[in-house]
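A, B, ... follow the sequence lines: proteins, then strands. Residue 1 opens every chain.
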Amino acid sequence: MTTTLDTTQVKALMGAVADGLIAHKDDLAALDAELGDGDLGRTVERGFIGIKEALAGPLPDDVGRTLFQLGKAFSNAAPSSFGALYGTALMKSGTALKDKMTATLAECADATQAALDALMERGKAQLGDKTMLDAIAPAITAMRAALADNGDDVSTGVFLRAAAAAAQRGADETASMQSKIGRASWQGERSSGKKDPGAQAIAYMFDAAAAHFESQP
Amino acid sequence: MTTTLDTTQVKALMGAVADGLIAHKDDLAALDAELGDGDLGRTVERGFIGIKEALAGPLPDDVGRTLFQLGKAFSNAAPSSFGALYGTALMKSGTALKDKMTATLAECADATQAALDALMERGKAQLGDKTMLDAIAPAITAMRAALADNGDDVSTGVFLRAAAAAAQRGADETASMQSKIGRASWQGERSSGKKDPGAQAIAYMFDAAAAHFESQP
Amino acid sequence: MKKILNNPEDYVPEMLAGLLAAHPGRLKSVGGDVHCIVRAESPIEGKVGIVTGGGSGHLPVFLGYVGRGMLDGCAVGDVFASPTIDQMYETTKAVNGGAGVLHLFGNYGGDVMNFAAAADQADMEDSIEVATVLVADDVASAPADRASSRRGVAGMVYAFKIAGALAEEKASLAQVKAIAEHCLANTRSMGVALGPCTVPQVGKPTFTLADDEMEIGMGIHGEQGVRRGKLQTADEIVDQLIQPILDDMPLDGGEISVMLNSLGGTPLEELYIMYRRLLEVLKQHDITVYRPYIGRFATSMEMVGASLTVLKLDDELKRLLDAPASTPFFDQSQYV
Amino acid sequence: MKKILNNPEDYVPEMLAGLLAAHPGRLKSVGGDVHCIVRAESPIEGKVGIVTGGGSGHLPVFLGYVGRGMLDGCAVGDVFASPTIDQMYETTKAVNGGAGVLHLFGNYGGDVMNFAAAADQADMEDSIEVATVLVADDVASAPADRASSRRGVAGMVYAFKIAGALAEEKASLAQVKAIAEHCLANTRSMGVALGPCTVPQVGKPTFTLADDEMEIGMGIHGEQGVRRGKLQTADEIVDQLIQPILDDMPLDGGEISVMLNSLGGTPLEELYIMYRRLLEVLKQHDITVYRPYIGRFATSMEMVGASLTVLKLDDELKRLLDAPASTPFFDQSQYV
Ligand SMILES: Nc1ncnc2c1ncn2[C@@H]1O[C@H](COP(=O)(O)OP(=O)(O)O)[C@@H](O)[C@H]1O
Ligand SMILES: Nc1ncnc2c1ncn2[C@@H]1O[C@H](COP(=O)(O)OP(=O)(O)O)[C@@H](O)[C@H]1O
Ligand SMILES: [Mg+2]
Ligand SMILES: [Mg+2]
Ligand SMILES: [Mg+2]
Ligand SMILES: [Mg+2]
């Protein structure tokens with residue numbers, strides 16, 4: 001049977017992701033201090049507190065509108081580059097899943113692709129510019145491969161673990177890139193050798209998501 | 001024979017006093033730092049460098065005008081309270097000795113009294129207010145006593161040593177006074193126990209003057 | 001660095017509350033949110049509204065230039081953090097007098113992306129025409145071939161003044177946008193940092209410099225500059241600020257306006273010591289100065305250091321620079 | 001504290017040279033001495049000249065208030081040191097328009113005695129009528145029964161504004177002196193220091209405070225205050241600044257102007273946090289604020305801290321406070 005996620009599961013998932021990312025705020029701050037202005041820890045903390053507050057309140061019934069609301073909450077709570085972009089990503093995934101009470105994993109991969117497209121549109125960055133995009137793109141490829149290899153009844157845990165592993169590899173690879181966009185680009189060549197903090201945040205996110213389903217019976 | 005000082009001697013004396021006071025600039029700065037703003041060392045240094053520069057240039061022939069010029073040089077080089085007052089003191093001693101090519105020690109005592117009067121007029125302080133006045137007044141008394149006890153042929157060294165000893169006693173006694181005037185008065189009762197820096201500068205001045213004549217054959 | 005504050009989390013809202021209470025006849029907030037500040041007389045019918053926004057901690061930047069002949073509104077973020085999309089959107093709506101709104105702000109990722117979203121929203125929901133001009137004047141932050149990715153620093157004050165003056169004359173949105181772009185095409189800045197500042201909620205300095213060190217080209221939030229080295233003399237520092245500007249924007253003589261700006265902790269006395277040297281250097285290049293602006297125009301709280309901005313003048317820029325302007329933090333009549 | 005300077009001995013002359021070059025249409029020096037600064041249009045026939053003077057390092061105090069509607073001249077000393085008698089005398093002579101000259105300056109020994117000598121000289125040699133008014137507004141520096149021995153701090157800016165406005169109307173020397181005295185009788189100040197400044201020629205801080213300490217009532221050159229203790233919140237600090245002022249000058253409701261002044265290193269943001277609390281306290285006493293002045297009006301270079309000045313208003317003081325004034329450092333149109 002095709003694996004799906006319903007709205008309740010999505011909410012639980014986002015709560016787990018929020019906790020996971022908040023736990024990593026100090027490493028993210030340290031990475032951003034090297035390459036940017038050091039506020040990514042605070043951005044992530046504030047943004048995910050915003051999501052947790054939204055999760056505690058009334059939310060729509062469908063997966064799409066729920067994600068859209070959570071994205072808005074994130075952006076307004078954490079108004080930095082990552083905040084604006086991650087919020088946009090959630091909102092665009094939500095638009096892609098509008099009116100759905102459940103989403104298949106294939107639809108989840110498509111929604112992530114829609115988010116990536118929107119990020120590139122808003123942020124004007126390309127793959128290889130040393131940004132969060134460089135973690136998201138390989139995660140999408142890995143999601144699609146997991147479905148192709150294991151069929152559409154693959155467990156959500158396996159599906160997300162593949163994404164997480166790919167995202168982490170992508171984040172690690174940003175270390176060898178030279179920053180072309182955002183605050184880190186002002187460092188020019190000196191940015192080489194340092195891992196992009198936004199990409200690492202994305203890798204942590206997929207990791208927390210995978211761990212959430214892996215820990216379920 | 002009545003002891004006198006001529007203009008050349010007065011100039012040499014002022015040069016010696018200048019060197020003596022400049023050598024004490026750090027202690028005076030430290031005293032002023034406790035009770036005032038700590039600039040008395042710099043004031044004394046700049047003022048006496050002004051005097052030394054004036055001594056190196058052309059000066060009038062008489063004792064009075066010479067002292068007057070040196071006083072002006074001091075005030076313009078060191079425009080603080082002590083600078084203004086010490087300059088005034090020299091100018092007023094000069095006025096008292098105007099046109100004199102030599103001055104007797106009795107005339108010197110009178111000129112110092114004239115300076116003290118002018119200081120009280122300009123600075124509005126009273127004896128006992130914890131200022132330089134409290135070193136000058138006992139010095140004058142001691143000068144007169146030296147003349148009365150030893151006659152007017154007393155050596156300049158003995159005459160000035162008596163003044164120096166009295167000035168130092170006066171300066172020491174300021175420690176038990178409470179400041180009534182100037183910057184130190186803002187400390188109120190907390191000024192008790194600390195020696196007035198201006199009074200100590202006066203004591204150093206008489207000491208340097210006495211030493212100058214004592215060291216002469 | 002010791003600060004006079006209450007709970008650090010209340011730093012920005014308390015500051016804004018005090019500021020709004022201090023200037024009631026000139027500024028007001030929008031819909032009860034102190035982070036959205038507009039001219040008391042907003043919206044002004046038929047006038048292009050100019051909106052800026054950015055993090056707190058830079059007074060008089062940004063909100064200090066809201067006033068007659070300059071800006072119409074400002075969305076205010078937390079210290080060194082972008083305002084939210086909502087705040088930008090509400091501010092935009094509040095200054096719309098029917099002639100469109102110009103978003104004019106510094107080139108920082110969070111601000112850029114949030115302003116883009118706010119502009120979309122104003123267009124979608126209220127049919128407000130929004131144009132955007134980014135300030136990217138800091139020559140230290142990228143070479144000339146990537147000039148559009150540069151940081152925005154004190155040069156934005158010239159853009160506020162020039163665009164604000166034209167908007168006050170009821171020029172069209174296209175005209176106001178064009179003059180802002182023209183002004184910024186002729187504006188370059190370069191800074192030096194000697195000491196850090198502390199973000200209240202963080203509680204520790206944004207960077208460290210040894211007692212005898214300075215960093216040429218450092219950004220106003222502590223972003224890396226072009227060269228860290230021994231603290232040099234005022235004359236040497238000025239030479240290193242003006243030269244990269246002249247290299248980037250060649251001036252064959254002519255007239256410029258300069259802004260010599262303290263980052264906060266550096267006293268005015270030192271700016272005048274720098275200005276003395278600046279005039280010597282400019283004289284060697286046959287450049288004359290019109291209307292110097294010397295003071296604190298764009299700060300980073302108590303950061304120690306200074307920045308130099310050059311605006312290359314033509315007749316139109318001169319006319320608009322001369323135009324009256326009055327805000328609670330800036331009055332053009334002071335600069336004659 | 002790191003400074004942008006060349007040879008420390010040249011700090012003041014270089015600063016003044018830069019300043020005179022920056023404001024040529026408004027200020028000029030007297031007889032080639034940059035320490036004697038007067039309005040470019042001096043002397044003004046038939047107008048009482050107002051001259052101040054004091055040490056450098058306090059910009060905009062003192063010379064920053066030379067301009068229309070405020071002062072006519074300023075004798076400038078070395079950092080924190082009195083100008084010389086000669087400089088005061090030359091400045092006095094240069095602003096004499098035949099209606100006499102008011103010496104209006106802070107109550108510091110060196111300045112008092114040198115101005116007295118300069119006044120004597122102006123009288124003796126040039127028959128210029130000189131009146132003297134001392135500013136002694138710092139309630140922390142002496143109890144009420146020795147009020148005349150108090151230090152002069154930021155309150156002098158109100159005296160410059162009020163006396164300057166009346167002098168601009170061509171009032172007589174007696175009238176200008178009387179209004180300056182009336183203004184100062186209604187002016188009280190109190191400050192707090194959190195960190196020191198460094199006199200360039202000395203090279204080390206004027207005082208030390210532990211990382212968690214502040215001193216209430218400290219003078220602007222580091223003179224001892226009334227209480228050293230743990231750094232408190234903004235609200236607690238404001239309470240301790242306003243209370244001694246209200247104790248010394250009881251106000252049963254009514255209208256006041258306030259000046260909330262940074263000593264240099266404290267950013268504007270913190271002044272607004274303080275102002276918010278100040279309004280709360282004043283409200284409890286039914287006191288309303290007219291024209292707050294919030295900014296850097298009297299500094300000690302980079303000293304960290306702030307001062308609060310209260311001017312109790314009546315109709316005449318209000319009228320004169322409202323009058324136009326414009327200097328390179330202060331423009332009344334900014335404060336509306
Ligand atoms: N234009 C962009 N497109 C995609 N990602 C971006 C862009 N700008 C920044 N980022 C990502 O955001 C991260 C920094 O986020 P944050 O610290 O919030 O930024 P800032 O403090 O500069 O506003 C970067 O590491 C990068 O991954
Ligand atoms: N009004 C006064 N009358 C007499 N002596 C004074 C007066 N004011 C100050 N002094 C003397 O001057 C000394 C301080 O000199 P100085 O450091 O130059 O003063 P300041 O730095 O306060 O201008 C005091 O110790 C005191 O002896
Ligand atoms: Mg940031
Ligand atoms: Mg960041
Ligand atoms: Mg002094
Ligand atoms: Mg002293």
Side-chain angles (χ1 to χ4, degrees), chain B residues 25-26 29 32-43 45-47 49-50 71-89 91-92 118-125 129 131-132 178-191 194 196-198, chain D residues 9 33 35 53-55 75-89 107-121 136 138-143 145-146 148-151 153 199 201-202 204-208 217-226 228 300:
Chain B
K25 71 181 158 75
D26 292 337
D32 192 37
E34 273 199 70
L35 218 52
D37 58 355
D39 64 358
L40 187 60
R42 196 170 158 82
T43 290
E45 181 181 26
R46 289 181 57 173
I49 286 177
K72 239 183 133 158
F74 193 94
S75 280
N76 271 314
S80 67
S81 298
F82 187 87
L85 291 166
Y86 190 74
T88 301
M91 285 158 74
K92 283 294 166 168
L119 285 187
M120 294 181 69
E121 161 82 26
R122 167 112 312 152
K124 308 271 183 273
D129 282 358
T131 69
M132 60 198 287
Q178 183 175 326
S179 181
K180 297 266 165 47
I181 202 124
R183 206 173 276 279
S185 72
W186 299 326
Q187 291 208 13
E189 290 134 31
R190 287 164 305 188
S191 70
K194 299 171 191 160
D196 179 64
Chain D
E9 294 295 330
D33 184 352
H35 298 84
V76 183
D78 217 334
V79 175
F80 293 2
S82 173
T84 67
I85 299 168
D86 281 357
Q87 288 159 351
M88 292 167 172
Y89 165 70
N107 185 26
Y108 294 92
D111 300 311
V112 173
M113 286 175 278
N114 286 329
F115 262 118
D120 285 353
Q121 196 176 337
D138 186 353
V139 297
S141 53
D145 59 346
R146 291 196 289 117
S148 69
S149 73
R150 287 175 177 165
R151 298 185 281 256
V153 289
V199 176
Q201 296 95 332
V202 176
K204 52 182 191 221
T206 46
F207 57 87
T208 49
M218 184 176 264
I220 55 170
H221 312 95
E223 297 93 346
Q224 199 165 336
V226 295
R228 185 173 283 211
S300 293

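Both the backbone and the side chain of B:Ser185 have a heavy atom closer than 4.5 Å to some heavy atom of chain D. Interface residue B:Leu85: only side-chain heavy atoms are found under 4.5 Å from chain D. Within the 4.5 angstrom heavy-atom criterion, only side-chain atoms of B:Arg183, from C-beta onward, approach chain D.
No side-chain heavy atom of D:Phe207 sits less than 4.5 Å from a side-chain heavy atom of D:Gln224. D:Ser82 has its side chain within reach of D:Asp111: a pair of non-hydrogen atoms, C-beta onward, lies under 4.5 Å apart. Side-chain contact between B:Leu35 and B:Pro197: present, with at least one pair of heavy atoms (C-beta onward) separated by less than 4.5 Å. Counting heavy atoms from C-beta outward, D:Asp138 and D:Glu223 have side chains that stay 4.5 Å or more apart.
When each of B:Gly38, B:Ser80, B:Ser81 is scored by its heavy-atom pairs under 4.5 Å with chain D, the top score falls to B:Ser81. Each of D:Gly55, D:Ala117, D:Ala142, D:Gly222 has some count of heavy-atom pairs under 4.5 Å with chain B, and the biggest count is that of D:Ala117. Your options are B:Thr88, B:Asn76, B:Ile181, and the one with the most heavy-atom pairs under 4.5 Å with chain D is B:Asn76. Among the candidates D:Arg151, D:Arg150, D:Arg146, the residue making the largest number of heavy-atom pairs closer than 4.5 Å to chain B is D:Arg151. Annotation: maximal heavy-atom pairing with chain B below 4.5 Å, among D:Gly109, D:Pro143, D:Ala140, D:Gly219, occurs at D:Gly109. Interface check for chain B: of the options D:Ala116, D:Gly77, D:Ala81, the most heavy-atom pairs under 4.5 Å are formed by D:Ala116.
Salt bridge B:Arg42/B:Asp26: absent, no basic N to carboxylate O contact under 4.0 Å.
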Do B:Ile49 and B:Phe74 pass the side chain to side chain contact (heavy atoms under 4.5 Å, CB included) test, and can you show the C-alpha distance, the side-chain angles, and the key distance before you say yes or no?
-> CA-CA 8 Å; B:Ile49 286 177; B:Phe74 193 94; over 6 Å; no
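With hydrogens and angles left out, the side-chain atoms of D:Gln201 and D:Asp78 include a donor and acceptor closer than 3.5 Å.
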